[in-house]
Amino acid sequence: MILGLFGLLVGLAGWHAGTLWDTLAHTLEKLFGANVPYTLRDLDFLVSTLFLLGMLAALVLYSGLSCQRIRQADRTAQGPERQWSIVKRQFLKNRLAVAGALIILALYLVAFLCPFLAPYDPVEQGDRVQERLLSPSAEHLLGTDRFARDVFSRIIYGSRISLLVGFLAMGLAVTLGTAVGAVAGYYGGWVDSVIMRFVDMMLSFPTLILIITVIALWRNQSIWIIITLIGLMSWMGVARLVRGQFMALKEREFFQAARALGAGTGRLIFQHLLPNSLTPIIVSATLRVGNTILLEASLSYLGLGVQPPTPSWGNIVYDTKGNLFTEWWMPLAAGMAIVITVVGYNLLGDGLRDALDPRLRE
Amino acid sequence: MTDVMDQTSPQIEVRNLKTYFYTEDGVVRAVDGLSYRLAKGETLALVGESGCGKSVSALSVMRLIASPGKIVEGEILLDGLDLLQCSETEMREVRGNRISMIFQEPMTSLNPVFTIGNQIMEAIRVHQDVSRKEARDRTIAMIRRVKISAAETRVDEYPHQMSGGMRQRVMIAMALACNPEVLIADEPTTALDVTIQAQIMELLAELQSEFQMSILLITHNLGLVAEVSDQVAVMYASKVVEHTSTAELFASPLHPYTHGLLTSVPTLGMPREQKLNVIPGQVPNPLHFPTGCRFHPRCPVAEQRCKQEEPLLREVKPGHWAACHFIENGKSPIKGADR
Amino acid sequence: MHTYIIRRILISIPLLFGLLTINFFLIHAAPGDPTDIFYNPDMDPEARENIRRIYGLDQPLGVQYLKYIQGVVLKFEFGYSIAKKRPVKDEILEALPNTIQLSALALLLELSLGIGIGILAAVKQQSTFDNATRVTALTFYSMPSFYLGLVLLFLFAGGVSATHWFPASGMVDIVRHESMSTLGRLGDRAIHIFLPSLTLGIGAAAGISRYMRGELLEVIRQDYMRTARAKGLTERVVVFKHGLRNALMPIITIMGLSLPFLFSGAVIVEQVFGWPGMGRVAVDAAFQRDYSMFLAVNLIFGAMVVVGNLVADILYAMVDPRVRLS
Amino acid sequence: MSTEASKNSEVLLRVEHLKNYFPVRQGLLSRVTAYVKAVDDISFEIGVGETLGLVGESGCGKTTVGHSVLRLINPTEGTVLFQGKDLTHLPAAELRAMRQDMQIIFQDPFSSLNPRMTVGAIIGEALAIHGRGDRKERAEMVRDTMQKCGLDPAYINRFPHEFSGGQRQRIGIARALVLSPKFIVCDEPVSALDVSIQSQIINLLVELKERYNLAYLFIAHDLSVVQYISDRVAVMYLGKIVELADSTELYRNPLHPYTQALLSAVPVPDPTRRKQRTLLPGDVPSPLNPPSGCRFHTRCPLAIDICKKVEPRELDVEGHKVWCHVVEEQITGSPPSS
C-alpha cells in the first residue's frame with residue numbers, strides 16, 4: 001500500500017515536472033537576478049520539492065518504525081517497550097494530535113495539488129465588470145473579488161505561502177538557535193554570558209515592528225526577505241532551550257563518563273549532547289511553525305508582506321477587509337484558513353510534546 | 001516473646017489491603033493483600049526493597065492514594081474504626097491529628113514559599129480551635145521540642161534557609177503538633193547523612209516515649225530496623241512474607257528472602273574474606289509478578305510447587321508468621337539460617 | 001535581595017543601549033536616505049544638500065550617533081520627522097498613552113481571564129470543562145489578532161445589524177464626544193476601547209491559561225502538596241494556598257516575556273480598529289519611510305519590554321523567599 | 001612520609017597536596033568574594049591492585065577528589081602522579097591517552113548511561129575513541145567484556161532503558177573495564193541500588209579486582225560497604241582527610257573522634273548488639289566558611305582550646321595516620337603545639 005501511495009506521488013511529481021523544468025530556469029534567474037517579484041511558477045516548483053522531501057522523510061521514518069516493530073517481535077513479552085513504539089502509541093491515542101497531523105497532511109496535499117484543486121487561475125483578472133464581487137455560488141464557491149478573481153482558488157494557492165514560510169523560517173530559526181544555544185551551553189562561562197545577553201536583547205525587540213522597519217527601509221518585500229527576517233527574529237527561544245538542555249546534560253553522569261573515556265569536543269556534542277536535546281527541539285520547532293505563519297499573515301495583513309497578485313492568506317484579508325460588512329465571506333474564509341493551519345501545527349506540537357516528554361507522560 | 005498477631009487492642013490493624021494502580025500499561029498491584037498489626041506505643045518496621053509497595057501501603061493508611069491508584073479491598077482499623085469506611089471529611093479529622101506522616105525527602109516535602117512556623121501552625125489550627133497567638137506559641141514550643149535552637153527566630157524562617165536535618169526536624173514537629181496516636185515515618189533518614197540520621201532516630205525514640213505513640217517505620221535499612229523497632233514485617237512484591245518480633249527475625253529468619261536480605265549486606269567489621277551472599281536476579285516488575293510464590297525465580301530452595309501455588313502468610317511458630325511452603329516445625333528451609 | 005535588584009537594573013542599562021545602537025545602525029545601514037521623500041529628479045542637488053544639512057545628515061555617522069544618544073538620554077528627543085513635519089517626540093507623546101491604555105487593559109484581561117481559566121482547567125483536569133477550554137484556548141492562541149478583530153467587528157460593529165453594539169473604529173465618537181457629560185464621555189471611551197482590548201486580551205489570555213494549567217498541574221504533583229494533605233487540610237486549601245502561590249510565581253516571568261507579543265499584537269489591533277496609537281505610527285512610518293520615527297518606535301517598544309521584564313523580575317524576587325532572602 | 005602506601009607493591013597513584021577551591025561570586029560585579037574549599041590539601045597513595053576507600057558525609061568533598069584525580073575537573077593546586085606522570089599539567093592529547101589506564105564508575109545507573117546509545121555503543125565508545133581494532137574486533141571485545149560483567153552479550157543492541165538498575169550498573173562497569181584500565185574510581189557505585197542488588201555489584205567489583213589486579217578509589221558514604229571492600233580507608237570531613245588507616249585497623253581502633261562518631265552512628269543489623277553511641281551535635285558546617293583550626297572542633301566532644309586555632313598535623317603511628325590534637329597528646333604524651 002505504501003508503495004502504491006509512493007508510486008502515485010512519483011507520478012504526480014512527474015506530471016508536475018513537465019511544467020516544472022522550464023520554471024526551474026526561471027526560478028534560478030529570479031533567485032540570483034534582481035529583486036523581481038517571484039511568480040506562481042516558482043512556488044509551484046518549490047512546494048513540489050518540499051512536498052517530495054517531506055514524503056521521503058515520512059517514508060524513511062515509517063519504515064524505521066516498522067523495523068523497530070520487527071525487532072521487537074523477537075523479544076520477551078516481559079521486557080519494556082521500545083521508546084519509539086511507546087511514543088507512537090501515546091501519540092495515536094491523543095485524538096487531537098492525530099487531528100492536527102491530518103490537518104497538516106491535508107495542507108501539504110492541498111499546496112502540492114493546487115493546480116488540480118483550484119477551479120480558476122488565482123491571478124488572472126477577469127475583465128468584465130459583472131464578474132466582480134460575485135456572491136458565493138456553485139461556480140465560485142467563495143465568490144469573486146474586486147478584480148473578478150475566484151477567491152476560493154486564491155485561498156487554495158495561498159496555502160503555498162503559509163507552508164513555505166512555516167517550513168523555511170522555522171528551519172532557519174531552529175538551525176540558528178540550536179547552533180547558538182549549543183555554543184553557549186557547551187562552553188559556558190563568559191562565552192555563555194555574552195551570548196545570552198545578546199539573546200536577551202533580541203528578545204526585547206517586538207518582532208513585528210522590527211521586521212516592518214527592515215522591510216520598509218530596504219524596500220524589498222520578496223518572500224525570501226520575509227522568510228529570512230522571520231527566521232532571524234525567531235531563533236532566540238530555541239537558543240535558550242538548547243542552552244538549558246546542554247547545561248543540564250553536562251551535569252549528567254554519562255557526559256562525565258564520556259569525558260573520562262577521553263572523548264573530544266565533537267563527539268561530546270554530536271554523540272552525547274545533541275541527540276539527547278533533539279526531543280525538545282523537535283517539539284518546539286513544531287510549535288514554532290504556527291508562530292511564523294502568524295507573523296507572515298500579520299505582515300501581509302498590514303500590506304507589508306507578500307505582495308499581490310501572488311495570493312497569501314494574509315494579503316487576501318488585506319485586500320478584502322474593506323468588504324467586511326458586505327462580502328464578509330472573503331476575509332473571514334481566508335482568515336479561517338490561517339486559524340485551521342496554525343491550530344493544526346499547535347495540536348501536532350502539543351501531541352508530540354505529550355508523547356515525547358516522559359516527564360509529562362508519568 | 002510477644003505474640004504479634006494475637007495481641008490485644010492493636011493501635012492499627014491492616015487486613016488484606018489491596019491498592020492497585022490502573023495505568024495504561026496495565027494494573028500495577030502495588031499493595032496486594034497486605035496485613036499487619038501495630039500495637040500501642042510500639043514500633044513496627046515495614047522493610048523491603050524499592051517498589052515492593054511499602055510506601056504505597058503507608059499512603060493507603062492515610063488514604064492519600066491519588067488517581068490512577070485505588071484502594072480496592074481491605075480494612076484499615078484505627079483503634080477499631082475502619083478508615084476505609086470513613087467519609088472524606090471524617091478522614092481529614094484523622095490525618096495530621098490521629099495519624100501523622102513524615103516523608104523521605106525533607107527538601108521537597110516542605111512548601112518553599114511559607115515559613116516553617118506558618119506550616120506547623122497550620123497543622124495545629126486545622127484540628128484545634130485555638131487563637132493565632134496560642135498556635136504560634138505552641139509552634140515555637142514544638143520547634144524547641146525537636147531541638148532546634150533559637151526557636152523564636154527560626155519559626156519565621158523559610159525551608160531553604162535550613163539544612164536537611166533541620167527540615168526533617170521541622171517535619172517531625174509538624175507531624176507531632178496535634179499529638180497523634182500513630183506516626184508513619186516513610187524512610188525518614190534515607191536522604192540524610194549517617195550522623196544526622198542518628199540524631200533524628202534518637203529524637204524520634206525520645207518523642208515516642210514522651211507522646212506514647214505508635215510508629216510505623218518504613219525503611220530498607222536493616223540496621224535501622226534492628227536498632228529501633230519492636231516488630232518487623234518484611235515485604236516482597238507487594239505482600240508481607242514474614243512478620244515477627246525484631247529479636248526473633250534477626251535471630252532466626254525463616255523466609256528465604258529475609259535470610260537472603262540479611263546475609264547480603266556487609267556489616268561493619270565483617271571479615272573481607274567472607275563473601276557476601278547474593279540474591280540472584282532482579283526485583284520483579286509489579287506489572288508482571290511471577291506466578292505462585294513471587295519469590296520463586298530468585299529463591300535457592302524453590303521447587304515446582306512454588307511456581308503454581310501461592311504460599312499464605314501463616315503462623316509457622318508461635319508469634320512468627322511467614323509465607324513459604326517449606327517452613328516446617330519452625331525451621332527455615334535454608335541450612336544454617338538460624339544464627 | 002537589594003543586590004539582586006540593583007544588579008538587574010544595572011544589566012538593563014547596557015541592554016537599552018544595545019537596543020538603541022543596533023537600531024540606529026540598522027536604520028542607517030538601510031539603502032536610501034531620509035530625505036528621499038523630497039526627492040524628485042528635477043531637484044537641484046544643492047538644494048538637496050541644503051536639506052541634508054538642516055537635518056544633520058551631512059555629518060559623519062558616529063557624530064550623528066552620539067548626538068542622537070545625547071538627545072534621547074538628556075532631553076527625551078528623538079529628532080524630527082520629515083514625513084510628519086513635526087518633532088518625533090510630539091507624535092510619540094500623542095500616540096504612546098493610547099497604546100499604553102489599550103495594552104494595560106488587555107494585560108488586565110489577559111491575567112484575569114488566563115489565570116482564572118487555567119486554574120479551573122487544572123483543578124478539573126480531564127473534565128469536559130478542561131477539554132473544552134483547552135481546545136478553545138488553543139484556537140484563540142492560534143488565531144491571528146487581526147482575524148479575531150475582524151470577526152468581532154463583523155459580529156458586533158456593523159456586520160450583523162441585530163448585534164451592532166460597538167463602534168467600528170476610533171477612540172471616541174468624533175462628532176458627539178465633546179457635547180457629552182463626564183459620565184457619557186467615560187461611557188463613550190469604554191465602548192470604543194472594549195473591542196480592541198478584548199481582541200488583544202483574549203489572544204494573550206489563551207497563552208497564559210495554557211501556561212497556568214501546566215504550572216498548576218506540575219505543582220500539584222510536588223511532595224509538599226502531599227504533606228499538606230497529610231496534615232488534614234481540605235483539598236481547597238491545599239490547592240489554593242499551597243499550590244497556587246507556587247504555580248503563580250513562574251507566571252510572573254512568563255508575563256514579562258510575553259510583553260513583546262502583546263506590543264506586536266497592539267500594532268495589528270490598532271490597525272484593525274483605527275486606534276490612534278504607536279502601532280498606527282509605526283505602520284504610517286513604514287509607508288512613508290520615516291527613518292527617525294522608526295528609530296523612536298523601536299526604541300520605545302524595546303524600552304517598554306526591558307522595563308516590563310525588569311518589573312517582572314523584581315516582582316518575582318519579592319514573591320519568592322528563595323530569591324528575596326539570598 | 002610515604003611509608004605505608006603499599007607494603008608489597010609499587011605505587012600507582014600518588015596525590016599530593018590536592019586542593020579544589022570553587023570561587024563564589026557575589027555582589028554587583030560578580031566579584032569572587034570567597035572560595036568553597038571543597039578539597040583542601042589532601043595527600044594519599046594507591047598501590048597497584050590496591051583499594052583505597054574514601055568515606056565521608058555529603059559535601060565533604062569526596063566526589064571532588066574522585067573527579068580531580070581523573071582530571072575531570074582541574075585541581076586548584078597540588079599534583080596527581082599516575083604511574084609517575086603528573087596529570088595536572090598534562091596536555092590534552094597526552095591526557096586522553098592516559099585515560100585508557102584510568103576509568104570511573106558512577107553512582108546513578110540511570111543518569112550514567114546515554115539513553116540514545118545502545119549498550120554496544122556505550123561500552124564500545126572507549127574502543128572507538130582510542131582506535132582499538134576494527135568494527136568487528138570491537139564488537140567482539142564488547143561482547144567479551146559484557147560476559148565478564150555478568151551481562152548476556154545477546155543484549156548488545158538494546159538500549160539502557162530496557163535494563164534494571166543492577167544491570168545498568170553492570171553496563172557502567174563494563175564501559176570502564178573495556179580498555180583494561182589499571183585504576184578505577186568507583187564513585188558511590190552501589191548507593192543507588194536495592195539492598196539485594198548491592199551485594200551482586202560488590203561481589204562483581206571484588207571479583208574483577210582480583211582477576212585483573214585493579215586498583216580502586218572507592219568513594220562512598222556507607223561505612224560498612226567501604227570497610228568491607230577496601231584495603232585502606234581514608235575518612236574525610238569538610239575537605240580534609242582526618243584519618244587514614246588499614247581498613248580492619250580503622251574499624252577496630254578508630255583514633256579520630258569523628259571516625260569514632262561515624263562508626264558508632266552506623267546502625268548494626270543485630271538487635272542484640274544495641275550499642276552506646278556518640279551523638280554528634282549540629283550539622284556539618286558549610287565548606288564556604290570552614291571553622292578555623294581543626295574543622296571538626298565545632299562538633300567534637302573532645303575539643304580543647306588549641307583545636308579552635310591551630311590546624312592539627314599529621315600523626316603517623318605505624319601507617320595509621322590521624323590528624324587530631326587530642327589524639328596527638330594522648331599518643332606522644334606531649335601537649336600539642338603549633
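Residue numbers begin at 1 in each chain, while the letters A, B, ... track the order of the sequences.
- Within the 4.5 angstrom heavy-atom criterion, only side-chain atoms of D:I202, from C-beta onward, approach chain B.
- Aromatic pair B:H255/B:Y236: centroids not less than 6.0 angstrom apart.
- Residue-environment remark: OH (D:Y155) stays at or below the threshold of 12 foreign heavy atoms within 6.0 Å.
- For D:S58, the parts lying under 4.5 angstrom from a heavy atom of chain B are both the backbone and the side chain.
- Remark: D:R299 pairs with D:E57 by the salt bridge (charged side-chain N to carboxylate O under 4.0 Å, His left out) rule, at least two apart or across chains.
- Within the 4.5 angstrom heavy-atom criterion, atoms from both the backbone and the side chain of B:V194 approach chain D.
- Only the side chain of D:V206 comes within contact range of chain B, judged by heavy atoms closer than 4.5 Å.
- Side chain to side chain, D:E243 and D:T259 meet the donor-acceptor criterion of an N or O pair below 3.5 Å.
- Relative orientation of the D:Y258 and D:H256 rings is perpendicular, given thresholds of 30° and 60° on the angle between their planes.
- Interface remark: D:I197 contributes backbone and side-chain atoms alike to the contact with chain B (heavy atom separation under 4.5 Å).
- For the 3.5 Å distance criterion, the side chains of B:T219 and B:N221 fail to qualify, holding no donor opposite an acceptor.
- Using modelled atom types, one finds a donor on one side chain and an acceptor on the other under 3.5 Å when comparing B:E248 with B:S252.
- The list of salt bridge (Lys or Arg N to Asp or Glu O under 4.0 Å) pairs with a residue in residues 199-216 of chain D, not counting sequence neighbours, reads D:E207-D:R211, D:K209-D:D231.
- Comparing B:G281, B:G164, B:S149 by heavy-atom pairs within less than 4.5 Å of chain D, the highest count is held by B:G281.
- For the set D:S230, D:G165, D:G166, the entry with the most heavy-atom pairs within less than 4.5 Å of chain B is D:S230.
- Checking B:Q161 against B:R154 by side-chain atom types alone, no donor-acceptor pair falls below 3.5 Å.
- Across B:V265, B:I196, B:L249, the residue that shares the most heavy-atom pairs under 4.5 angstrom with chain D is B:I196.
- In terms of non-hydrogen atom pairs under 4.5 Å with chain D, the most contact-rich of B:G223, B:G260, B:S264, B:P271 is B:G223.
- D:S196 and D:D194 are not linked by any side-chain donor-acceptor pair at a separation below 3.5 angstrom, with hydrogens and angles left out of the test.
- Among B:M270, B:H220, B:M166, B:Q199, the residue making the largest number of heavy-atom pairs under 4.5 Å with chain D is B:Q199.
- Only the backbone of D:I229 comes within contact range of chain B, with at least one heavy atom under 4.5 Å from a heavy atom of that chain.
- Interface remark: D:S247 contributes side-chain atoms only to the contact with chain B (heavy atom separation under 4.5 Å).
- With a 4.5 angstrom heavy-atom cutoff, B:Q274 touches chain D only via backbone atoms.
- Using a 4.5 Å cut-off between heavy atoms, D:Q200 contacts chain B through both its backbone and its side chain.
- Put simply, of D:G56, D:A261, D:G282, the one with the most heavy-atom pairs under 4.5 Å next to chain B is D:G282.
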